[in-house]
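Just below is one structure, and these are the notes that go with it.
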Amino acid sequence: MFFFTRYPSSTLLKTYFPDVQFNRCITSQLIKWFSNFREFYYIQMEKFARQAILEEVTDSKHLMVSRDSELFRALNMHYNKGNDFEVPDRFLEVASMTLREFFSAVRAGKDSDPSWKKPIYKIISKLDSDIPDVFKSSRCLQELLQS
DNA sequence: AGGTGTCCTG
DNA sequence: CAGGACACCT
């Protein structure tokens, strides 16, 4: 689901787990998961952005996340270990945008500001997509089991 | 006060 | 990932 939405609301999550009785604990745990997912995501982005700068990449236009890039491998291994899901193109676009944001921010020296990542987070939070209905837990589990 | 997000830690 | 502290918002 993270491939589609990085900042899901609790209400959205609830609609995707219709067979789960949500309480404060379960809800906050799910929210926590996505928070952890984001942390990993942004850490990777910063790492590869800084690496690109060290490699003296100049044009951020050529900076993108493709399915055969190292960054994609790291992300896919983390969120989709068994390759159970086909990663949507939209995610690659968002990832590429994130990478470029980090790249230009670091290159501009904005990382001296303690809260330099906040603006990037805000941009990325606007890029969430809808989650396909296939992910609604019951059906999703069935498909995983038969594959 | 309770929900949410981040940072830091293990 | 989970736990906990902390800030921010409602």
Side-chain angles (χ1 to χ4, degrees), chain A residues 1-54 60 63-147:
Chain A
M1 287 174 60
F2 185 79
F3 288 136
F4 297 89
T5 171
R6 268 60 59 189
Y7 290 82
S9 67
S10 61
T11 49
L12 190 153
L13 288 174
K14 284 172 184 173
T15 66
Y16 276 84
F17 295 92
D19 54 345
V20 176
Q21 304 88 30
F22 279 86
N23 53 43
R24 292 181 209 79
C25 207
I26 293 181
T27 305
S28 55
Q29 188 189 35
L30 270 177
I31 296 288
K32 178 66 177 177
W33 281 3
F34 277 85
S35 179
N36 280 323
F37 292 163
R38 285 192 297 271
E39 287 192 26
F40 180 83
Y41 177 79
Y42 287 129
I43 287 173
Q44 298 303 310
M45 290 299 166
E46 181 178 359
K47 196 173 90 181
F48 280 82
R50 291 185 184 281
Q51 184 176 308
I53 291 176
L54 288 178
S60 65
L63 210 58
M64 54 179 295
V65 183
S66 60
R67 294 178 191 278
D68 56 354
S69 68
E70 233 183 292
L71 178 51
F72 177 81
R73 278 203 318 104
L75 295 173
N76 192 60
M77 181 166 41
H78 195 73
Y79 307 119
N80 191 24
K81 271 196 183 71
N83 276 310
D84 298 313
F85 306 101
E86 185 185 335
V87 181
D89 290 334
R90 175 63 178 163
F91 177 75
L92 298 186
E93 294 174 15
V94 174
S96 299
M97 285 188 258
T98 313
L99 185 59
R100 292 193 198 106
E101 289 296 335
F102 270 95
F103 178 81
S104 9
V106 172
R107 195 181 44 182
K110 292 180 181 173
D111 54 337
S112 57
D113 181 346
S115 58
W116 66 284
K117 297 177 185 174
K118 302 291 183 189
I120 302 180
Y121 294 167
K122 187 163 188 177
I123 294 175
I124 303 309
S125 68
K126 306 287 183 190
L127 302 178
D128 277 6
S129 326
D130 292 331
I131 306 171
D133 286 343
V134 204
F135 283 84
K136 293 194 173 168
S137 55
S138 51
R139 248 199 300 168
C140 188
L141 270 177
Q142 287 172 20
E143 301 213 349
L144 279 179
L145 289 175
Q146 66 182 214
S147 63

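To find a chain, count down the sequence lines: A is the first, B the second, and so on, and within it residues start at 1.
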[X] with [Y]: basic N within carboxylate O range, under 4.0 Å:
{"X": "A/Lys136", "Y": "A/Asp133", "value": "yes"}
{"X": "A/Asp113", "Y": "A/Lys118", "value": "no"}
{"X": "A/Glu93", "Y": "A/Arg90", "value": "yes"}

Nucleotide B/dT6, atom P - distance to CD of A/Glu46 in whole Å
14 Å

So, does A/Arg24 get its side chain near the phosphate of B/dG2, meaning an N or O under 4.0 Å from OP1 or OP2?
no

With a 4.0 Å cutoff (strictly under), does any side-chain N or O of A/Tyr79 reach OP1 or OP2 of C/dC1?
no

Checking all strands, does [X] fall into the base, sugar-phosphate, or nothing category for heavy-atom contacts under 4.0 angstrom?
{"X": "A/Tyr121", "answer": "sugar-phosphate"}
{"X": "A/Lys118", "answer": "sugar-phosphate"}
{"X": "A/Lys117", "answer": "nothing"}
{"X": "A/Glu39", "answer": "base"}

Salt bridge (Lys or Arg N to Asp or Glu O under 4.0 Å) filter on A/Arg67, not counting sequence neighbours, yields A/Asp89

Picking from B/dT6, C/dC1, B/dT4, the nucleotide nearest the side-chain atoms of A/Phe37 would be C/dC1

No-H, no-angle donor-acceptor pair, A/Lys32 side chain to C/dG3 base, under 3.5 Å:
yes

Cation-pi between A/Arg6 and A/Phe34: NZ/CZ under 6.0 Å from ring centre and within 45° of the ring axis?
no

Assess the pair A/Phe48 and A/Phe102: is the distance between their ring centroids shorter than 6.0 Å?
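No - the distance between ring centres of A/Phe48 and A/Phe102 does not fall below the 6.0 Å cut-off.
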
Under a 4.0 Å heavy-atom cutoff, the residues of residues 1-15 of chain A touching DNA chain B are A/Tyr7, A/Ser10

